[in-house]
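Comments concern the structure below.
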Amino acid sequence: MRFHPREGRGPSPTRRQFLRLGGLSLVAATGALAGCERPGRGGGPGTATVDPVALSRPDRPARLPLYPDAPAIADGLSPEKGGTFKIFNYAEYLSPDVTKAFGKKYGVTVEVTTFTTQDEAVAKLRTAGSAFDVYFPTPDILGRLAAGKLLQPLNHTYLPNLKNAWPQLQDPFYDQGAQYTVPYTAYTTGVGYRADKVKSVPANGWDLLWDPAYKGRAYVLDDYREALSMALLRAGNKDLNTEDPAALKAAGDALRQLVDAVNIKIGIAAYQTVPEGQATVHHCWSGDIINAQYYLPKDVDASVLGYWYPADLAGPVGTDCMAIPKAATKPVLAHLFLNHLLDNDVALENFSFTGYQPALAAATPEKLTADEFIAPNLTSAVVTADHYAKGLQELQLSLDGETTWNNQWAAFKAGR
C-alpha cells in the first residue's frame with residue numbers, strides 16, 4: 001500500500017471523527033438564532049445576528065451573498081513572499097509532505113493550526129487579530145460564513161486546476177459559481193466489516209448492524225446525523241434532512257432496538273477497531289475503511305476488509321471544502337495553495353496520508369487500485385462523481401429540525 005508510514009500514526013482523532021463532538025447540550029442551550037446562525041453539526045451555536053441565508057439543497061441551490069466591502073483579489077498579483085503561511089484545519093487532515101513542498105516552492109514557513117469542531121473554527125475566525133490564509137469548512141456551514149463576512153470571494157484566474165474537480169463541484173449547489181470554496185475531499189458512509197467473519201452481506205447492508213450473529217461486535221457511528229440517517233435509509237426513507245417528528249421517532253426507535261438485539265457499541269474508530277478485530281461490522285466513513293489497511297496486523301492481508309455501500313448509490317455522500325478567510329494576510333499565496341491541492345498528483349499524495357480521497361475526476365477506482373493506494377477489494381469505498389450525483393447529503397437543518405434530531409439521538413444514547 002502507498003500510505004505514508006508516519007511515526008505514531010495511531011488512534012489520534014481525525015477530521016471526520018470530530019463531527020460528533022459538541023453533541024446534545026448545544027441545542028438545549030440555544031435561544032432564538034438569527035438568520036443562519038444555528039448550532040453547527042460539529043459544535044455549538046453562534047452568537048452574532050446576521051443576514052439570513054436560505055438552506056441550500058441539491059434541487060434548490062441557493063447562491064451565497066457577495067458584499068462590496070469584501071471583494072476578491074485583483075488579477076495578476078504576485079504571491080506574497082517570506083514569513084508564515086497559516087492554515088486552519090482539522091488534525092491529521094493534510095499531508096506534511098504536501099505542505100512542506102509548497103512552503104519550499106514559495107519560500108514561506110507553513111504553519112498548521114487545528115480545530116476540533118466547525119463551531120470552534122467559526123468562533124476563532126471571528127476573533128479580532130485572528131488571521132489564517134486557508135481554512136477547511138464543510139458545506140453545511142457556508143451560509144453562516146458568507147453571511148458573517150468571514151470568507152473572501154475567490155478569483156478563479158488563480159485556480160486553473162479547478163477543472164480537475166468533478167464537474168458538479170466546479171459549480172456546486174451549496175456554493176453556486178464556486179464563489180467562496182473549492183472541493184477538498186469526498187466520502188461516503190456505509191458499513192465496514194471483516195470479510196473473513198461475515199459469511200454474506202445482505203442486499204440491504206444496513207441489516208448487518210441488526211444481525212445477532214455480531215452481538216457485541218457491532219458499532220454505529222457516534223454521530224447523530226449519520227446514525228439516524230442510517231436508520232432512515234434502512235427503512236426506505238431517503239430524506240436525510242427530514243424534520244418530520246414521526247419519521248425521526250421511527251428512526252430513533254430502530255436505533256434503540258440495537259441495544260437489546262446486538263448490544264450495540266458506539267464508536268468513531270472503525271479504521272482501527274475493524275482491522276484489529278474488535279468490531280466485526282462497523283457503520284463508518286469510506287475514508288476510515290481505506291485507512292484500516294494501515295492498522296492490520298503485519299501478518300493479515302487487506303483482503304479481510306470489506307465495505308458495503310448501497311448498490312443504487314442512494315447512500316450518504318459528502319464533500320469537504322477549502323476557502324480563504326477574509327482576514328488572510330497572504331491571499332494570493334492562499335489561492336495558489338488551493339490550486340496546489342487541486343493538482344492531480346499533489347492531491348493523490350495527500351490522499352495517501354489522509355485516506356480521504358480528493359473529489360477529482362482522476363481519482364478513479366481503477367487508478368487508485370492500479371497505483372496501490374487501495375486494495376482491490378475496497379473499490380466500493382472509492383467515491384466517484386456518479387456517487388455524488390446519486391448520493392444523499394446531510395445538510396443544514398432549521399433550529400427546530402436540529403432539536404428533533406438531537407432529541408432522538410439523546411434518547412438512544414440514554415437507553416444504552
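The residues of the chain are indexed from 1 along the displayed sequence.
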Output the distance between atom [atom1] ([X]) and atom [atom2] ([Y]), rounded to the nearest 0.5 Å.
X      : Y      : atom1 : atom2 : result
Leu208 : His283 : CG    : NE2   : 12.0 Å
Asn241 : Leu232 : CG    : CG    : 10.0 Å
Leu154 : Asn339 : CG    : CG    : 11.0 Å
Tyr135 : Cys321 : OH    : SG    : 9.5 Å
Phe132 : Phe88  : CZ    : CZ    : 4.5 Å
Leu66  : Lys149 : CG    : NZ    : 11.5 Å

Are [X] and [Y] linked by a side-chain donor-acceptor pair shorter than 3.5 Å?
X      : Y      : answer
Ser398 : Asp400 : no
Glu243 : Trp405 : no
Tyr309 : Thr189 : no
Asp75  : Asn155 : yes
Arg57  : Gln396 : no
Gln393 : Tyr388 : yes
Thr354 : Glu92  : no

| request: Please step through salt bridge (charged side-chain N to carboxylate O under 4.0 Å, His left out) for the pair Asp222 and Lys413, ending with a clear verdict. | output: CA-CA 10 Å; Asp222 196 352; Lys413 295 192 81 171; 3.2 Å; yes
Could you go through the salt bridge (charged side-chain N to carboxylate O under 4.0 Å, His left out) check for Arg194 and Asp196 one step at a time?
CA-CA 5 Å; Arg194 282 293 296 254; Asp196 56 338; 2.8 Å; yes
Is the backbone of [Y] close enough, under 3.5 Å, to the side chain of [X] for a donor and an acceptor to pair up by distance?
X      : Y      : result
Gln357 : Val383 : yes
Asp133 : Thr329 : yes
Asp171 : Gln176 : no
Ser303 : Asn377 : no
Asp371 : Phe373 : no
Ser352 : Glu349 : yes
His340 : Phe337 : no
Thr242 : Asp239 : no

How are the rings of Tyr184 and Tyr93 set to each other: parallel, tilted or perpendicular (split at 30° and 60°)?
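Perpendicular.
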**Q.** Partner of His282 by ring pair (Phe, Tyr, Trp, His ring centres under 6.0 Å), out of Tyr271, Tyr219, Tyr307, Trp308
**A.**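 Output: one option passes, namely Tyr219.
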Qualifying residue, where the test is ring pair (Phe, Tyr, Trp, His ring centres under 6.0 Å) with Tyr90 and the options are Phe136, Tyr356, Phe115: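 Result: among Phe136, Tyr356, Phe115, Phe115 is the only option passing the ring pair (Phe, Tyr, Trp, His ring centres under 6.0 Å) with Tyr90.
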Testing the basics here: between Ile289 and Gly192, what is the closest heavy-atom pair and its distance to 0.1 Å?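 Looking at all heavy atoms of both residues, the shortest contact is CD1-CA, 4.0 Å.
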- Query: When you look at Phe412 and Ile266, which way does the side-chain contact (heavy atoms from CB on, under 4.5 Å) test go after all the steps?
  - Reply: CA-CA 11 Å; Phe412 164 61; Ile266 298 177; 3.7 Å; yes
**Report entry** Stepwise salt bridge (charged side-chain N to carboxylate O under 4.0 Å, His left out) check, Asp312 with Lys238
**Finding:** CA-CA 12 Å; Asp312 62 359; Lys238 296 183 179 181; 3.5 Å; yes
- May I have the step-by-step check of side chain to side chain donor-acceptor pair (under 3.5 Å) for Ser95 and Asp97, ending in yes or no? CA-CA 5 Å; Ser95 164; Asp97 291 343; 4.6 Å; no
cation_pi(Lys330, Phe85) dist<6.0 Å, angle<=45 |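 Ring-cation test returns no.
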Practice item. If a pair satisfies side-chain hydrogen bond (donor to acceptor under 3.5 Å, both in side chains) and one of its residues is in residues 100-112, list it, with sequence neighbours excluded. Key: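 Sorted pair list comes back empty.
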Is the count of non-hydrogen atoms from other residues, nucleotides or ligands lying under 6.0 Å from Lys124 atom NZ greater than 12?
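Result for NZ/Lys124: open.
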